[in-house]
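In what follows, a structure is listed as structure tokens, so that the remarks can point back to it.
Computed from a prediction, not measured in an experiment: that's the story for all the values here. We name chains A, B, ... by the order of the sequence lines, and we start the count at 1 in each one.
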Amino acid sequence: MHNVFEALNERGFVKQTTNAEQVAHLLSEGQVTYYVGFDATATSLHVGSLVPIMAMAHLQRAGHKPIAIIGGGTTMIGDPTDKTEMRPMLSQEQIATNGNGILAQLQRYLNLGNGIADLNNSQTTSEVGGFLNNADWLLSVNYLEFLRDIGKHFRVNEMIRAEGYRQRLERELGLSFLEFNYQLLQAYDYLCLFQKYGCRLQLGGDDQWGNILAGVDLVRRVEGERVHAVTFPLLTTASGAKMGKTAGGAVWLDAERTSPYEFYQYWINTDDRDVSRFLAYFTFFPMDEVRRLGSLEDEAIREAKEVLAYEVTQLAHGKTEADKAQTASRAAFGGGNLDDAAIPTSAIASERLETGIPIMELFHEVGLANSRSEARRLVQQGGAYINEIQYRAIDTVVDTNLLEADALLLRAGKKRYRRITIKENQL
RNA sequence: GGGGGUAUGCUAGAGCGGUCAAAUAGGGCAGACUGUAAAUCUGUUGGCUAUGCCUACGGUGGUUCGAAUCCAUCUGCCCCCA
């Protein structure tokens, strides 16, 4: 086994470790079971989760065994690190549903075994990996036992020294007892995973460092064993924005929420300064290649962006979708024709077009504007195009005269396209 | 348990009882310039059947010709004391 830890480090995945040498040693000695926790608040992960996912994938490729857990139990509490708001409490069914969606996405990158998608019955992991819900062990926890067996290992004065909590306290934000306990539960997860599956390495975002360390300590105190932790740097784009956020909200891995085309576009629009980092994180290219692409400058860097976008899209959605997205993208921005483009399409009843649809209404209806007023502004400001012809009159009515090959190509601003097809009269 | 403070649009944050759909900044969107980048400049940024109408300034109820602005009460959050 070559040294995966070095590889991860080189790619920028490592922010903090319990002890770099020991972690490297551990990973070079034999198969290591490692785990990462994922948020189960939605049915889909978004691109922010790609960092842990890719790190897990690198480790699995090196022969180690991944366990992904979703926080069915911890979601019911709310993580204090998420300072802005308490996470919504979700029902167990909801979490299970979300979990299934998330598992499907993880499986594109990892082999988590099979037969464990059923979260009601997830207490097993296969040879290659596993997917667990921490509700399995947290829900049955007895408060008094928990205090006695787990709680006694935590020192409050130590806990409040942790950055996350300290900030909360110093900035006078307040911290509920409920939130305060989050750390114990997360630590308990690690202990359970160590006991049942021999898990010896936990990975997570750097904001989780305190919680993860608590788990490391707990295992040492209860079992007298040394387990490890590695955190990832928290990604922001060069312009300071949170990774994976765009105007339309988060960039999801689910094709239903974020189409492969939009997904591709997100990566194409990467800030120049981020290209090389992102190639290291989000593709499997050897570092030599990453460095080569990352060193491109000025216009040539678009080549690197295209490679990045294609690769990431292919990983998330498969080759077919990636090809389609790339073709569509090239056509839309390279001047080619758009006929076979994978541009989001909406259908409109033919009779409505015969009557004529006010342009504002059309743009609003297909989702290129959030309201008619917004559509009106779009038109007035010269951002509305139909078949690449700009329309600035708000009283424009779209009817069958504008059809080209039985379709309309709408464009809002420079980048957002929507194809309109005709739907025959409804039955 | 007692006392005090605060609650505004996506966010932060102004706001004399009328001229407040609400200053300003950030963010978003559009335009110009570009490389589908960044930076910069300009415009715009609640909704609608649109020179007017509706909904909004934590909830409810009052005072008033008129309230985001005053009063009462409820709720949330914060601070001090216990």
Side-chain angles (χ1 to χ4, degrees), chain A residues 78 80 82-86 167-179 236-251 259-279 293-310 312-313 325-336 338 341-343 355-361 363-365 367-386 388 390-395 397 410-418:
Chain A
D82 192 353
K83 295 176 208 47
T84 48
E85 58 199 272
M86 288 265 285
Q167 269 181 19
R168 274 291 274 263
L169 295 169
E170 281 177 4
R171 291 173 61 205
E172 302 170 350
L173 278 169
L175 177 69
S176 74
F177 185 67
L178 186 76
E179 296 169 293
T236 51
T237 60
S239 49
K242 216 179 215 175
M243 182 75 204
K245 294 284 182 190
T246 65
V251 179
S259 72
Y261 175 75
E262 293 170 280
F263 188 83
Y264 183 92
Q265 285 300 318
Y266 174 77
W267 296 102
I268 276 281
N269 284 315
T270 299
D271 190 302
D272 285 9
R273 294 166 288 178
D274 291 325
V275 171
S276 133
R277 276 197 307 152
F278 286 5
L279 281 166
L293 288 166
S295 65
L296 296 174
E297 283 178 1
D298 300 324
E299 288 190 41
I301 202 166
R302 282 185 302 161
E303 182 200 327
K305 290 184 185 180
E306 193 168 59
V307 171
L308 172 69
Y310 182 82
V312 181
T313 307
Q326 185 169 62
T327 309
S329 181
R330 279 177 178 166
F333 295 98
L338 284 153
I343 286 171
T355 328
I357 303 174
I359 188 165
M360 303 156 22
E361 192 174 323
F363 272 77
H364 171 221
E365 198 171 313
L368 290 173
N370 290 322
S371 68
R372 290 185 184 210
S373 294
E374 195 175 304
R376 168 187 300 271
R377 266 173 241 130
L378 187 72
V379 173
Q380 284 171 339
Q381 295 178 10
Y385 295 77
I386 300 175
E388 296 303 326
Q390 186 185 57
Y391 289 82
R392 300 194 72 139
I394 55 168
D395 52 2
V397 171
L410 303 189
R411 192 178 115 208
K414 285 178 208 153
K415 298 176 188 171
R416 288 145 57 220
Y417 284 86
R418 181 110 346 168

Worksheet item: Looking at A:V397, A:L410, A:I386, which hits side-chain contact (heavy atoms from CB on, under 4.5 Å) with A:I359?
Response: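 In the set A:V397, A:L410, A:I386, the residue that makes a side-chain contact (heavy atoms from CB on, under 4.5 Å) with A:I359 is A:I386.
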
Discussion item. Checking A:E297 now: which residues fulfil salt bridge (Lys or Arg N to Asp or Glu O under 4.0 Å) with it, not counting sequence neighbours?
Written reply: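 Salt bridge (Lys or Arg N to Asp or Glu O under 4.0 Å) check on A:E297 returns nothing, list empty.
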
With a 4.0 Å cutoff (strictly under), does any side-chain N or O of [X] reach OP1 or OP2 of [N]?
| X | N | answer |
| --- | --- | --- |
| A:K414 | B:G35 | no |
| A:R416 | B:A30 | yes |
| A:R302 | B:A37 | no |

Worksheet item: Are A:E306 and A:Y264 close enough that some pair of their side-chain heavy atoms sits under 4.5 Å apart?
Response: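 They are in contact (side-chain heavy atoms under 4.5 Å apart), so the answer is yes.
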
Fill in: Atom P, compared across B:U11 and B:U19: separation rounded to whole Å
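Comparing P positions in B:U11 and B:U19 gives a spacing of 25 Å.
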
Worksheet item: Would a distance-only check, ignoring hydrogens and angles, find a side-chain to backbone donor-acceptor pair under 3.5 Å from A:E361 to A:P358?
Response: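 No; judged by distance alone, with no hydrogens or angles, the pair does not exist.
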
Discussion item. Whether the side chain of A:T313 engages the backbone of A:A309 through a donor-acceptor N/O pair (distance < 3.5 Å, no angle test) should be reported.
Written reply: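 Yes; at least one donor-acceptor contact below 3.5 Å.
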
Discussion item. Base contacts versus sugar-phosphate-only contacts with protein, heavy atoms under 4.0 Å: please encode nucleotides 43-54 of chain B as B, S and - from 5' to 3'.
Written reply: BSS-SBSB----

Worksheet item: Which of the following nucleotides, B:A38, B:U34, B:A37, is nearest to the side chain of A:K305?
Response: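 Selected nucleotide (nearest to the side chain): B:A37.
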
Practice prompt. With the side chain of A:S329 defined as its heavy atoms from C-beta on, choose the nearest nucleotide among B:G31, B:U36, B:A38.
Written response: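 In terms of side-chain proximity for A:S329, the closest of B:G31, B:U36, B:A38 is B:U36.
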
Worksheet item: If every non-hydrogen atom of A:G294 is compared with every non-hydrogen atom of A:L279, which pair is closest and at what distance?
Response: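 Scanning both residues completely, I find the closest heavy atoms to be N-CD1, 4.4 Å.
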
Worksheet item: Using a cut-off of 4.0 Å on non-hydrogen atoms, how would the nucleic acid contact of A:L378 be classed: base, sugar-phosphate, or nothing?
Response: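 Sugar-phosphate, backbone atoms only, no base.
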
Practice prompt. Assign A:A412 to base, sugar-phosphate, or nothing according to its heavy-atom contacts below 4.0 angstrom with the strands shown.
Written response: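 A:A412: backbone/sugar contact only, no base atoms under 4.0 Å.
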
Is there a Watson-Crick or G-U wobble partner for [N] with both distances under 3.5 Å, and which nucleotide is it?
| N | value |
| --- | --- |
| B:G1 | B:C81 |
| B:C41 | B:G31 |
| B:A67 | none |
| B:U6 | B:G76 |

Discussion item. What is the distance, to the nearest angstrom, from the CD atom on A:E299 to the C1' atom on B:U34?
Written reply: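 To the nearest whole Å, that distance equals 9 Å.
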
Discussion item. Rounded to whole Å, please give me the gap between CD in A:Q265 and P in B:A37.
Written reply: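 The distance from CD of A:Q265 to P of B:A37 comes to 10 Å, rounded to the nearest Å.
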
Worksheet item: A:E262 and A:S259: side chain to side chain donor-acceptor pair (under 3.5 Å), yes or no, with the steps?
Response: CA-CA 5 Å; A:E262 293 170 280; A:S259 72; 3.0 Å; yes

